[in-house]
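Start at 1 and go down the list; that is how both ligands and their atoms are numbered. Note: hydrogens, waters and symmetry copies are ignored here, and every other heavy atom, side chains too, is used.
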Amino acid sequence: MSAKPARSPSPTDDELAVLDAYWRAANYLSVGQIYLMANPLLEKPLTLEHVKPRLLGHWGTTPGLNFIYAHLNRVIKQREQPMLLVIGPGHGGPALVANTWLEGTYSEIYPDVSRDSEGMRRLFKQFSFPGGIPSHCAPEIPGSIHEGGELGYSLAHAFGAAFDNPKLIVACAIGDGEAETGALATSWHSNKFLHPVNDGAVLPILHLNGWKIANPTVLARMPEDELVDLLRGYGWDPRFVSGHEPKRMHREMAAALDAALDEIASIKAAARGAREISVPRWPMLVLRTPKGWTGPAEVDGVPIEGTWRAHQVPLASLAEKPEHLRELERWMKSYRPDELFTAEGGPNPELLALVPSGTLRLGATPFANGGVLRRNLRLPDCRDYAVAVPAPGTVHAEATRVLGAYLRDVFVANESSRNFLLFGPDETESNRLTHVYEATLKRHLRPLTEVDRNLAPDGRVFEILSEHLCQGWLEGYLLTGRHGFFSCYEAFVHIVDSMFNQHAKWLKVANELPWRRSISSLNYLLTSHVWRQDHNGFSHQDPGFIDHVVNKKADVIRVYLPPDANTLLCVAANALSSLDLVNVIVAGKQSDLQYLDMPAATRHCEAGIGIWPWASTDGGGEPDVVLACAGDVPTLETLAAAALLRELFPELKVRFVNIVDLMTLQPQSEHPHGLPDRDFDEIFTRDKPIIFAYHGYPWLIHRLTYRRTNHDNLHVRGYKEEGTTTTPFDMVVRNDLDRFHLVSDTAQRVPKLAPHAAYTRQLMRDRLAEHSQYIREHGEDLPAVRNWKWPARP
Ligand SMILES: Cc1ncc(C[n+]2csc(CCOP(=O)(O)OP(=O)(O)O)c2C)c(N)n1
């Protein structure tokens with residue numbers, strides 16, 4: 001038995017009085033941010049001139065967040081315990097701003113917002129003000145890795161931050177409204193994945209202030225025993241701190257926090273001494289306080305404090321209602337600012353007695369500016385994993401299986417740094433990344449049964465059937481300075497569309513802040529893609545994530561469609577070393593033809609787009625037609641079409657173009673990878689027909705290229721939402737993306753083939769009819785299709 005760590009001494013009454021003063025100061029500063037643009041210390045009677053014309057902010061959640069922050073300060077300082085605070089109800093931005101200003105970090109980063117009366121005036125004015133700062137816990141605010149604008153992801157982020165940070169405790173304030181979201185509901189299960197020795201701890205603080213914007217919350221109205229059952233059912237040990245009377249609440253919160261941190265220390269100590277790792281019952285807090293606590297109890301005879309009406313701005317229409325202005329002044333003075341701030345307007349030093357110093361301050365912790373902690377991954381040379389391609393289009397390989405071997409060795413090379421994780425919703429094996437299990441297994445802390453495979457308590461592959469959790473964990477892991485990869489079925493990555501949005505927004509803003517250091521990119525491998533979900537059918541066929549991704553700022557998104565294994569290796573290695581981006585890589589997992597040997601793949605990926613001379617018949621000169629393709633299946637079909645055209649029209653000059661980096665298609669003015677117009681025109685010509693076979697929805701290609709010279713001659717084939725359970729080739733046929741349609745398209749669009757168009761198109765129709773008949777009879781594709789290879793040149 002390992003010795004239990006000693007219990008912490010309770011705080012004295014004096015300490016609690018200091019805590020209360022600090023809390024009052026944070027509340028004062030929060031109200032000031034929502035309302036004032038001048039007269040910050042209320043040295044003069046408050047007039048309308050001092051008040052912002054537009055009152056924008058959320059008061060309701062803020063005093064509770066300030067309360068949490070103040071109490072965390074005490075335990076951090078007392079225990080010298082590194083902590084990170086993730087704030088779920090991020091609309092309580094004034095709280096984080098107020099606290100970081102009080103502790104000094106805000107002014108260190110933004111010296112013009114100094115800790116004096118002029119700084120306080122600026123602090124107030126800038127909040128939710130044009131040219132100032134946003135209302136939420138956005139990247140601009142130190143101490144945050146989580147904006148909290150879109151509710152639901154706080155607990156997932158908190159766990160992502162705690163993985164592989166054994167000394168860190170992540171406190172996570174969760175709104176009781178936020179807790180109704182799907183993402184948060186599943187996040188409670190994260191405790192089953194937290195290794196009690198190798199990982200840090202997460203302390204959820206469910207902020208049960210009872211209300212959302214306009215409704216009571218589900219959790220707050222549950223009988224307490226039912227709520228306890230729910231949280232215990234998720235494996236937590238909930239401890240309640242309930243009330244509204246500050247003195248009692250401070251004592252209870254301090255005691256609860258001490259007990260929870262003691263318990264975390266005991267759990268960790270016991271796990272270090274244990275022979276087997278298990279899933280401990282981690283403590284959590286439920287903080288039940290009035291919404292808008294300490295704010296106006298009633299306005300115009302209507303109750304505010306402790307109701308949904310406290311959510312945003314309790315006192316509005318100050319111009320029309322002078323009594324509201326007086327009420328605001330009374331409210332702010334109720335915090336007794338003269339006790340809290342010096343004559344110069346800085347925080348009274350006594351108030352800061354329980355605030356930690358240096359990087360232990362929640363606003364200064366490097367865990368909230370992960371780039372500070374980030375170290376480059378040690379990456380194996382991807383060329384060592386190359387598939388031998390003696391001639392293009394003649395040998396087969398499973399691209400993702402090859403990538404699996406590479407990722408295995410990424411795990412091996414970084415074993416001692418423990419800074420790389422692979423996430424997936426139950427699909428690592430299905431996506432054929434199986435080689436990774438030679439280096440590490442899947443995280444599973446509970447006892448194993450005989451039939452379990454590839455599970456271990458310290459596994460570094462995280463699988464849970466929740467795309468939300470995979471994404472949220474990975475984001476938290478990256479934002480705290482580490483690296484990762486998320487492999488997902490292409491159709492179901494849409495589940496995290498919105499999480500991607502939020503992360504991309506975070507990156508865009510963070511990239512504009514010099515003090516926020518670069519973090520590793522978020523890498524998606526989308527496999528089991530639309531064209532090879534023929535067995536699962538229509539529900540599994542959706543390539544639209546790419547369309548969604550390209551809506552975001554060009555500076556932060558990249559989309560890659562490697563056509564084979566060697567190009568996938570190059571693209572993945574590049575993604576793993578990139579910074580501050582979202583990389584979307586779409587690649588099939590089936591055994592497919594390989595086209596480029598490693599030197600050619602490297603060159604092709606470096607350029608992102610290129611002519612494949614071996615597949616072209618333009619002899620290095622002007623073509624009659626450009627056949628372009630992006631994506632592995634479209635590449636196969638376009639090559640088969642090129643081969644057919646060579647047979648049918650030996651004189652036809654075909655140029656074959658393959659695109660790996662989709663963003664090369666956009667003009668250079670729109671995307672950093674965009675080809676200059678001159679280069680684009682050189683490749684695609686200024687006036688020849690282009691037949692473009694694309695992996696996803698065809699209109700995206702038009703969207704990306706509509707400003708290019710030759711756009712009028714661009715004809716795109718892609719997924720037209722025609723899918724079902726059928727053969728692989730029938731999938732492309734149903735969407736007119738197959739080789740026969742591409743040949744027909746060419747015959748129809750190349751002027752010099754006009755005399756032959758009718759016969760050619762009839763011939764192609766016949767081939768399609770033959771295909772249809774054959775699959776209906778045999779249940780598989782024609783041998784000529786199944787066994788097709790790129791023909792050697794005669
Ligand atoms: C996913 C999502 N849906 C809706 C909203 C709009 N919204 C902002 S705050 C809020 C209520 C939040 O309630 P809670 O989480 O309990 O926070 P608190 O009461 O502490 O403000 C809602 C619905 C949102 N921000 N995110």
Below a 4.0 angstrom heavy-atom separation, can you tell me which part of His91, side chain or backbone, both or neither, approaches ligand 1?
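For His91, only side-chain atoms sit under 4.0 Å from ligand 1.
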Proximity of Asn209 to ligand 1 by residue part, where a heavy atom lies under 4.0 Å:
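Only the side chain of Asn209 comes within reach of ligand 1.
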Distance from [atom] to nearest protein heavy atom, with residue and atom:
{"atom": "atom 15 (O) of ligand 1", "value": "Glu178 N, 2.8 Å"}
{"atom": "atom 25 (N) of ligand 1", "value": "Gly149 O, 2.7 Å"}
{"atom": "atom 14 (P) of ligand 1", "value": "Gly177 N, 3.4 Å"}
{"atom": "atom 20 (O) of ligand 1", "value": "Thr61 OG1, 2.8 Å"}

Contact (N/O only, under 3.5 Å) between [X] and ligand 1:
{"X": "His207", "value": "no"}
{"X": "Pro89", "value": "no"}
{"X": "Trp211", "value": "yes"}

Hey, does Gly60 sit under 4.0 Å from ligand 1 if you only count heavy atoms?
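No; Gly60 lies far enough from ligand 1 that no heavy-atom distance drops under 4.0 Å.
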Is the ring centre of Trp23 less than 6.0 Å from the ring centre of His250?
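Yes.
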Is the His58-His311 ring centre distance short of 6.0 angstrom?
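His58 vs His311: aromatic centres under 6.0 Å.
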Evaluation steps, side-chain hydrogen bond (donor to acceptor under 3.5 Å, both in side chains), between Glu329 and Tyr35:
CA-CA 10 Å; Glu329 195 171 22; Tyr35 284 96; over 6 Å; no
Using 30° and 60° as the class limits, which term best fits the ring planes of Tyr524 and Phe486: parallel, tilted or perpendicular?
tilted
Over 60° means perpendicular and under 30° means parallel, so classify the ring planes of Phe423 and Trp473, tilted if in between.
tilted
Can you find a pair of side-chain heavy atoms, one from Ile87 and one from Leu85, that are under 4.5 Å apart?
yes
Please state which option from Leu151, Asn215, Ile213, Leu65 has its nearest heavy atom closest to atom 5 (C) of ligand 1.
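Closest candidate by heavy-atom distance is Leu151.
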Heavy-atom distance to atom 19 (O) of ligand 1: which of Lys291, His311, Lys212 wins?
Lys291
Can you check atom 3 (N) of ligand 1: any protein non-hydrogen atom closer than 4.0 Å?
no
Any atoms of ligand 1 less than 4.0 Å from a non-hydrogen atom of Glu150? List them with their elements.
1 (C), 26 (N)
Can a cation-pi geometry be assigned to Arg221 and Trp211, taking NZ or CZ under 6.0 Å from the six-membered ring centre and within 45° of the ring axis?
yes
Considering only NZ, NE, NH1 and NH2 on the basic side and carboxylate oxygens on the acidic side, decide whether Glu140 and Arg516 come within less than 4.0 Å.
no
Please determine if Asp176 and Lys212 form a salt bridge, counting it only when a charged side-chain N lies under 4.0 Å from a carboxylate O.
no
